[in-house]
Structures are given as C-alpha cells and as structure tokens.
Amino acid sequence: MPQKDPERADVPSEPDPDKAYAELLQEVRVAQTGVQILLGFLMTFAFSPRFAALTELQAGQYVLTLLVAFGAAAFLTAPAPFHRVVFRCGMRTQLLRVSNRLALAGPVLLMLAMSSSLLLVVTMVLGIGRSAVLASVILGGVVWLWFGLPMWCRLRRTR
C-alpha cells in the first residue's frame, strides 16, 4: 500500500461529498452557538432598564445589529433546510456549493453583529470615540483570524 504524504493527509484524492457536507455542518454548529448567544442577548437588551437611555442613533444601531445577527443565524442554519429540500434529488454538488457559500456568509454577518454590539455596549461606557477605535481594532482582528489567516495559510501551501 503506498504511503500517504503527511502534508496532504487532510486532502483526499477524490473528495467525498458526504464527508465534506458533514464537516461543513460541524463547522456551522460551532458558529451557531455564538450567534444564538449574541441574538439572545440582543433580544433581551430591549427589555433592560438601560435601553431607554439609548440615543436615536444608538437605537438605530441596535436594530441594525439585531437584524444582522438574525441574518447570521439564518445563513448559518440555511444549509440544513436546503439539504432537506434537495435530499435525494441528485444535487450533491450543488448542495455543497450552495451550503459552502451560506456557511461563509454566516460568519461575515456574525462578525459584523459582534463588532456592532460591542460598539453599542462600549459606547455607553467610554463614549463614541474610543469605542469606535476599539470596535474597529477588534473587527480587524476577527477578520484576520477568521478569513485572513486561513487564506494566508492556503496561499502559502499552494506555493
């Protein structure tokens, strides 16, 4: 039996669509927990005593953040109903392609909701100036960790 190159141990010669879809769903499960916690916090915040202290701009930001978090939840859960609708229709390739795109859009919306909710909360403590800088730095760090670093590793591997 030929030895497998250890550098390519995670890359099958012929991708198994079932395994690829199972891995995608596992990745989505991890992100869903975060978005559910954030969405729960955002939905209860409107009923807290501090909510009345929001300015009109902050209330608008809150609504936008809530909608973006809801969008993240929708995109992250979409692969499961999509699978259910196209199940046994001979559409595995399309299922993987669409589910992959949905699974990439979800974290983009999640990081926007996270940074916007951070900005909203920290603005109430520090004011808008320092809060905007802090939220921007954290958003940049999340963009790097979630997308920049994997793409950098991917590009280095192909060289």
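Atom set for the values below is all heavy atoms of this structure, side chains included, hydrogens, waters and symmetry mates excluded. Remember, predicted model here, so these are calculated numbers, not experimental data.
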Looking at side-chain heavy atoms only, is the closest gap between L54 and M124 below 4.5 Å? yes
Under 6.0 Å from the CZ atom of F70, do we count more than 12 heavy atoms belonging to anything else shown? no
Side-chain heavy-atom pair L96, L24 within 4.5 angstrom cut-off: no
When clusters are formed by joining ILVMFWY residues with side-chain heavy atoms under 4.5 Å apart, either directly or through shared neighbours, do V68 and L57 land in the same one? no
L112 side, atom CG; S117 side, atom OG - distance, nearest 0.5 Å: 10.5 Å
Linking I/L/V/M/F/W/Y whenever their side-chain heavy atoms sit closer than 4.5 Å, directly or via other members, would F41 and M114 fall into one cluster? yes
Verify the cluster assignment for V143 and V133: are they in a single hydrophobic cluster under the rule of side-chain heavy atoms below 4.5 Å apart? no
Look at the side-chain heavy atoms of Ile, Leu, Val, Met, Phe, Trp and Tyr, link any pair under 4.5 Å apart, and say whether M111 and I37 land in one connected group. no
Can you pull the side-chain hydrogen bond (donor to acceptor under 3.5 Å, both in side chains) pairs that have at least one residue in residues 64-78, sequence neighbours excluded? T65-S116
Over all atoms of both residues, closest heavy-atom pair of L126 and S131: CB-OG, 3.8 Å
Between G106 and A72, which heavy-atom pair has the shortest distance, and what is it? O-CB, 3.6 Å
Heavy-atom closest pair (V28 atom, A103 atom, distance to 0.1 Å) is CG2-CB, 3.8 Å
About how many Å separate CG of L76 and CD of Q32, when rounded to the nearest 0.5 Å? 6.0 Å
L118 reachable from V137 in the ILVMFWY side-chain graph, under 4.5 Å edges: no
Apply side-chain contact (heavy atoms from CB on, under 4.5 Å) to the pair F45 and L120, showing each step before the final yes or no. CA-CA 11 Å; F45 181 62; L120 182 63; 4.3 Å; yes
Here the pair of heavy atoms bringing L102 nearest to A78 is CD1-CB, 3.6 Å
Take the angle between the ring planes of Y21 and H83 and call it parallel below 30°, perpendicular above 60°, tilted in between. parallel
So, do F75 and V108 sit near enough that their side-chain heavy atoms are less than 4.5 Å apart? no
Interatomic spacing from CG in L145 to CD1 in I138 - rounded to 0.5 Å: 11.5 Å
Search all heavy atoms of L39 against all heavy atoms of A69 and return the closest pair with its distance. CD1-CB, 3.8 Å
Could you tell me if the side chain of Q94 sits less than 4.5 Å from the side chain of V86, heavy atoms only? no
Quick test of your reading: applying ring-ring contact (aromatic ring centres under 6.0 Å, His included), list the pairs with at least one residue in residues 128-150, sequence neighbours left out, ordered by first then second residue. none
Quick one: does T33's side chain get under 4.5 Å of R29's, heavy atoms only? no
Which pair of non-hydrogen atoms, one from A135 and one from S115, has the smallest distance, and what is that distance? CB-O, 3.9 Å
For I128, the other hydrophobic cluster members (4.5 Å side-chain criterion, sorted by chain and number) are L119
